[in-house]
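In what follows, a structure is listed as structure tokens, so that the remarks can point back to it.
Indexing begins at 1, ligand by ligand and atom by atom, following the structure's order.
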Amino acid sequence: MFKDKNIILGVTGGIAAYKSVEIASRLRKAGASVHVIMTSGAQNFITPLTFREITGNPVVTTMWGEVTNYNVEHIALAELADAVIVAPATANFIAKASAGIADDMLTTTLLAVQAPVFFAPAMNTNMYNNPLTQGNIKKLTALGWHFIPPAAGHLACGAEGVGRMPEPVDIVEFVHNWFSRTMDMSKLKVLVTAAGTHEPIDPVRFIGNRSSGKMGYAVAEAAAARGADVILVSGPSSLEIPCGVNAIMVQTAAEMRKAVLENYNSADIVIKAAAVADYRVRNISDQKIKKNDDELILTLDKNPDILKELGELKQPGQILVGFAAETQNLIEYARQKLEKKNLDMIVANDVSRKDSGFNSDTNAVKLLFRNGQVEEMPLMSKKEVANQLLDRVLSLKQ
Ligand code: CTP
């Protein structure tokens, strides 16, 4: 994958700069030609000589000095690049990049580059969570730049929290996966459901659940980015519809069922991440219910199990993936659902964990397959879970 690729490794001034040596080394071992550009801040943490030894290439430290081997033109590296990785990317550097500033070789190269750009942020948790930094990340993400989510843990400033640069092996793998995934789902039609359904009680109240839709939206986004034709059937959610995805918004389980069945036959892959309400109110009041009595008894009827129905209608070649949100007996309950609903894979989610499940940006799931295999995935962003999940689905399809 990296063989004969020109990778620009931008190193900015954070304590994690020393880890970038390992990134350079791994990329070189994988066959890439690595060209390092250091900001002046980075040179306070590590010397250019280290990178020169590791990469076998000259290291760019300034716009103004003699640059051996490279075309003297200051955007030569931008033209050469197959990818740019900035690791660590400090808050200051991200801010400069998002403002379009070009006051050193790395910012100048980024402004001119056409190749994919990957940032591995590393900073104090509060700096990372600051709306200014988040706004800058959002702006660059919208331009198609990729952010490798920082890890949680012990930070150099003594604090605990998110902001630590991901391990070099994970950064290299992220970029590797990105290259190998490009457009590997074109010609496939993917039907995704997401978010919880709302079952009305009266015109102002409903029965719902805590599903945010983040996991399903991440799957839809990832599949679309890989070239699939994606239909997202979503319950109410505050999330933005991902770029390139056709969305059908629904409220109730009955509406979700109708939209899913209408699109099922033509779908190659169905991923049911929605948290469908299991019951609906029998008599929905036309008017707002007044609190006249001491108790209110609602009679609920069972909703159809959409996924079970899809499992019964499944055609050869179709891949059906379900989710199991559990608070106990995760594997056992998930396996039962896999079998009962005739699924090819089920994503088992322990929703009692704070870092997983509803409304979290990260997820630690277990994947269960028909052959009895159980694959335990580490904690990662829902985006990455989505891509890993699609990788497994594609291998099932072969
Ligand atoms: N599902 C569905 N229709 C329903 C209920 C669930 O399509 N009426 C799907 C969900 O989208 C999910 C899977 O079935 O992919 C499992 O959902 P979950 O709520 O975990 O399980 P249930 O089958 O509802 O079982 P229980 O609530 O008893 O755990």
Atom indices of ligand 1, in the order listed, that fall short of 4.0 Å to a heavy atom of G322: 15 (O)
Proximal ligand 1 atoms for A325, defined as those under 4.0 Å from one of its heavy atoms: 20 (O)
For atom 11 (O) of ligand 1, the option (of A274, S211, A348, A273) bearing the nearest heavy atom: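 Shortest heavy-atom distance from atom 11 (O) of ligand 1: A274.
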Sequence neighbours excluded - side-chain hydrogen bond (donor to acceptor under 3.5 Å, both in side chains) pairs with any residue from residues 282-300: R282-D301
What donor-acceptor contacts under 3.5 angstrom involve side-chain atoms of residues 2-11, with partners at least two apart or in another chain?
{"residue": "K5", "atom": "NZ", "partner": "M1", "partner atom": "O", "Å": "3.1"}
{"residue": "N6", "atom": "OD1", "partner": "H35", "partner atom": "NE2", "Å": "3.0"}

Contact check, K340 vs ligand 1, heavy-atom distance below 4.0 Å: no
Do the side-chain N and O atoms of [X] and [Y] include a donor-acceptor pair separated by under 3.5 angstrom?
X	Y	result
S237	S234	no
R226	N387	yes
T197	E199	yes

Check against salt bridge (Lys or Arg N to Asp or Glu O under 4.0 Å), K382 and E221: CA-CA 11 Å; K382 285 188 172 169; E221 184 176 12; over 6 Å; no
Any protein heavy atom < 4.0 Å from atom 28 (O) of ligand 1: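 Answer no: nothing from the protein, no heavy atom, is under 4.0 Å.
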Sub-4.0 Å protein heavy atom near atom 19 (O) of ligand 1: no
Quick one: look up the protein heavy atom nearest [atom] and list residue, atom name and how far away it is.
atom	answer
atom 6 (C) of ligand 1	K341 NZ, 3.8 Å
atom 4 (C) of ligand 1	V276 CB, 3.5 Å
atom 17 (O) of ligand 1	F323 O, 3.6 Å

Does only the side chain of [X] get under 4.0 Å from ligand 1, or the backbone, or both, or neither? Count heavy atoms.
X	answer
P304	backbone
K337	side chain
D278	side chain

Worked verdict on K366 versus E375 for salt bridge (Lys or Arg N to Asp or Glu O under 4.0 Å): CA-CA 6 Å; K366 296 185 173 64; E375 190 180 345; over 6 Å; no
Heavy-atom closest contact (A24 atom, T55 atom, distance):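 It is CB-CG2, 4.0 Å.
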